[in-house]
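The structure under discussion is supplied below as structure tokens; questions concerning it will follow.
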Amino acid sequence: MANDFDAVLIGAGHNTLAAALHLSARGWKVGVFEQAGVAGGAVKTGEYTLPGFRHDWAAMNLSLFAGSAFFQRYGEELGRHGCAFVPVDRPFSSSFPDGSWVGVSTDRTETLAAIRAVSPRDAETWTRLCDGFGAEAPHLFGLLGSPMRFRALAYFMFKTLRAKGIGGTLDMGRFLLSSPRAWLEETFEHPHVRAMLGAWGMHLDFAPDVAGGAMFPYLEGMAGQAFGMVIGQGGADTVTRALVAAIKARGGMVETGATVTRILHQGGRASGIELADSRRIAARRAVIAGVAPRALARLTRGTTPAFDGALQTFRHAPGTMMIHLAMDALPDWRAGAVLQRHAYVHLAPSLDQMARTYAQALAGQLPDEPILVVGQPTVFDPSRAPEGKHVLWVQVRMAPGTIAGDAKGEISATGWAEAAEPFAERALSILEAHAPGTRAKILARRIVTPVELEADNPNLVGGDQVCGSHHLAQHFLFRPVRGHADGSTPIANLHLTGAAVWPGAGTGAGPGFLLARKLAGN
């Protein structure tokens, strides 16, 4: 076999690229092979509407990457290769049908004023939570950054018990098992405050009544207050471009337009990959597959019945539709110009509506009132559009990968080619209701359906942007398969990485970095 490497990596998402850079830094010769024409997976940017308008394809919020252990180690190196961020001091807000709003700013006084306008008691609760975040954060982030091995978990539990005692540790355990609704209704009195935070659960497939989801509205709320948000300067692809450049500078290779058709293994040990053009690439020490679980079984053509069976039953979240808009101006929000100063505006009016939308999408129905995440990146990074113009990044949640029907009874199409336009119009009508006149400001638009998201990146099965539900049955020790949360497989030297592996989705590169550290012996 030609082109021998120490490690061959399949896919050029941020997890595989992070793993490749770390292994390169430890002296490994690495080769990365990506089927798409550009690297990045869901973290890429392009002029998808008009020249000069740069849109993030899927991921926009890079806070997890900027705050990750990986970036702490390699941030200076990536910066030399052009990686640059733009800080966001007003990370998110929610607009409501009655013309009111609630939002979070890094200025606590500003946040409290917004919350106090709907509930003085909730403003007091927010103050208490913020004051206690410094004590809680190390335990929660420690868990999310810990390898999912019994020894590591035992050490984590020991530290937690010492710090919090039995009662505090049990309270933390109860919180980790709680649904978003349970925690939000116990904690806040006003429906708008609950909805503002509950919308974050939907980003990670935690509808209001799904157990185990309370942590994410809490963490996003507190982190948004404490740190704000980070987006990429010029686009999210600032991360991808810098990672690729850093790998190449260290002697590694990143090849795009290279489809892997088979993982080569014999005698229970992986030895390389085969490409669609019949080339065989050898891997002396590791094959790292940044693929969705079901794809691994196809590439290996079989490992063990138990492992392959678990990969086949790995559950994916409902899909997402993206609408990229080139805008003549920002939306004029009914709730006021203050919303023009927030990176995200959630249009998710209540926990009940979120639960209904999620249930409809899960049943294959086009939701009658999808949730919208309206990103306004040019508020903070004007370089993404011509002077005086803007881009809107509209994430439509949820959208079934396979359409069984329409919950509203208006769209008869069951294929995305025909359903895309009317469903996008439904979403834009919701946006128009919150910001009248928005349609008239649209210069061009690009709709990306769940089917197109998967065609571009097969890891986004059915348009699932988190590459697998994070529900308790396939999270922590069970992500993606019990006994393999560290990315190991029954085949020696073959490893799985990406959002389907613990610690899961997000731009933090945790799965790739944890795996690379393990392989490199540090």
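Just so you know, residue 1 is the first one in the sequence shown, and it goes up from there.
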*What's the shortest heavy-atom distance between Pro293 and Pro480, and which atoms?*
CG-CB, 4.3 Å
*asked:* Test side chain to side chain contact (heavy atoms under 4.5 Å, CB included) on Val373 and His203; report intermediate values, then the result.
replied: CA-CA 9 Å; Val373 187; His203 284 253; 3.8 Å; yes
*Is there a donor-acceptor contact under 3.5 Å from the side chain of Gln225 to the main chain of Ser105?*
yes
*Side-chain (Trp393) to main-chain (His55) donor-acceptor, under 3.5 angstrom*: no
*asked:* ring-ring contact (aromatic ring centres under 6.0 Å, His included), that's the test. Do Trp101 and His192 meet it? Break it down for me.
replied: CA-CA 8 Å; Trp101 72 283; His192 287 2; over 10 Å; no
*asked:* Any non-hydrogen side-chain atom of Ser68 less than 4.5 Å from a side-chain atom of Thr507?
replied: no
*Can you see which heavy atom on Met196 is nearest to which on Ser94, and at what distance?*
CA-OG, 3.3 Å
*Which atom names give the shortest non-hydrogen contact between Ala516 and Leu23, and what distance separates them?*
O-CD2, 3.8 Å
*What class does the angle between the rings of Tyr218 and Phe175 fall in, given that below 30° is parallel, 30 to 60° is tilted and above 60° is perpendicular?*
perpendicular
_Testing the 3.5 Å rule here: is there a donor-acceptor pair between the side chains of Gln233 and Thr238?_
no
*Taking Ser488 for its side chain and His484 for its backbone only, find out whether a donor-acceptor pair lies under 3.5 Å.*
no
*Just checking, any donor-acceptor pair under 3.5 angstrom between side chains of Tyr358 and Asp209?*
no
*Run the ring-ring contact (aromatic ring centres under 6.0 Å, His included) check on His434 and Phe96 step by step: do they pass?*
CA-CA 7 Å; His434 286 261; Phe96 297 98; 8.0 Å; no
_Met354 side chain near His346 side chain, heavy-atom distance below 4.5 Å_ = no
*asked:* Run Leu453 and Met321 through side chain to side chain contact (heavy atoms under 4.5 Å, CB included) and show every step you take.
replied: CA-CA 8 Å; Leu453 285 171; Met321 184 171 78; over 6 Å; no
*Hey, could you give me the OG1/CG distance between Thr497 and Leu9, rounded to the nearest 0.5 Å?*
8.5 Å
*Ring geometry between Tyr74 and Phe513 (parallel below 30°, tilted from 30 to 60°, perpendicular above 60°)*: perpendicular
_Flag, side chain of Arg479 to backbone of Gly468, donor-acceptor distance under 3.5 Å_ = yes
*Got a sec: does the CD of Glu76 have more than 12 other heavy atoms crowding it under 6.0 Å?*
no
*Side-chain (Thr169) to main-chain (Gly165) donor-acceptor, under 3.5 angstrom*: yes
*Determine whether Leu161 and Ile166 make a side-chain contact, defined as any pair of heavy atoms from C-beta on separated by less than 4.5 Å.*
yes
*State, yes or no, whether a side-chain contact exists between Val394 and His324 at a heavy-atom distance under 4.5 Å.*
no
*asked:* Between Asp89 and Thr106, is there a side-chain donor-acceptor contact under 3.5 Å, judged purely by atom types and distance?
replied: no
*Answer yes when Arg90 and Glu110 have at least one side-chain N-carboxylate O distance shorter than 4.0 Å, and no when they do not.*
yes
*Rounded to the nearest 0.5 Å, what's the gap from CG on Leu21 to NZ on Lys248? Could you check?*
13.5 Å
*asked:* Atom CZ of residue position Arg80 - does it have more than 12 heavy atoms of other residues, nucleotides or ligands inside 6.0 Å?
replied: yes
*Is a salt bridge present between Glu136 and Lys164, judged by a nitrogen-to-oxygen distance below 4.0 Å?*
yes
_Is it the case that the side chain of Thr45 and the backbone of Ala236 share a donor-acceptor pair, with hydrogens and angles ignored and the cut-off at 3.5 Å?_
yes
*Does Thr357 use its side chain to pair, donor to acceptor, with the backbone of Glu369 at less than 3.5 Å?*
yes
*Do the rings of Trp126 and Phe188 sit parallel, tilted or perpendicular, given the 30° and 60° boundaries?*
tilted
*Flag yes if more than 12 heavy atoms outside Arg315 fall under 6.0 Å of its CZ atom; otherwise flag no.*
no
_Quiz question: by atom type and distance under 3.5 Å, do the side chains of Thr378 and His390 form a donor-acceptor pair?_
yes
_Sidechain N-carboxylate O distance under 4.0 Å for Arg334, Asp98_ = no
*Thinking salt bridges, do Asp171 and Arg174 make one under a 4.0 Å N-O criterion?*
no
*Sequence neighbours excluded, which residues qualify as side-chain contact (heavy atoms from CB on, under 4.5 Å) partners of Asp352?*
Arg181, Ser350
*Looking at residues at least two apart in the chain, or sitting in another chain, which of them share a ring-ring contact (aromatic ring centres under 6.0 Å, His included) with Phe92?*
Trp200
_Under a 3.5 Å distance rule, please check whether Thr127 uses its side chain to pair with a backbone N or O of Ala123 as donor and acceptor._
yes
*Approximate separation, where rounding is to 0.5 Å, of Ile430 CD1 and Leu372 CG*: 5.0 Å
*Which value, rounded to the nearest 0.5 Å, describes the distance between Leu17 atom CG and Phe70 atom CZ?*
8.5 Å
*What pairs with Ala286 under side-chain contact (heavy atoms from CB on, under 4.5 Å), at least two apart in sequence or on another chain?*
Ala7, Trp28, Ile288, His495, Leu519
_Beyond-backbone contact of Val338 with Trp333, side-chain heavy atoms, under 4.5 angstrom_ = no
*Which heavy atom of Pro318 sits nearest a heavy atom of Met398, and at what distance?*
CB-CB, 4.0 Å
*Just by modelled atom types, is the Phe314 backbone N or O under 3.5 Å from a matching donor or acceptor in the Arg294 side chain?*
yes
_Cationic N near anionic O, under 4.0 Å, Asp122 to Arg194_ = no
*Indicate the atoms forming the closest heavy-atom contact of Val501 with Pro511, along with that distance.*
O-CG, 3.4 Å
*Taking the six-membered ring for Trp, are His475 and His470 parallel (under 30°), tilted (30 to 60°) or perpendicular (over 60°)?*
perpendicular
_Minimum side-chain heavy-atom gap Val374-Tyr344 below 4.5 Å_ = no
*Less than 4.5 Å apart, any side-chain heavy atom of Leu176 and any of Leu140?*
yes
*Minimum heavy-atom separation for His342 to Gly103, with atom names?*
NE2-CA, 4.3 Å
*Please answer whether the main-chain N or O of Lys44 pairs with a side-chain N or O of Asp237 as donor and acceptor at a distance below 3.5 Å.*
no
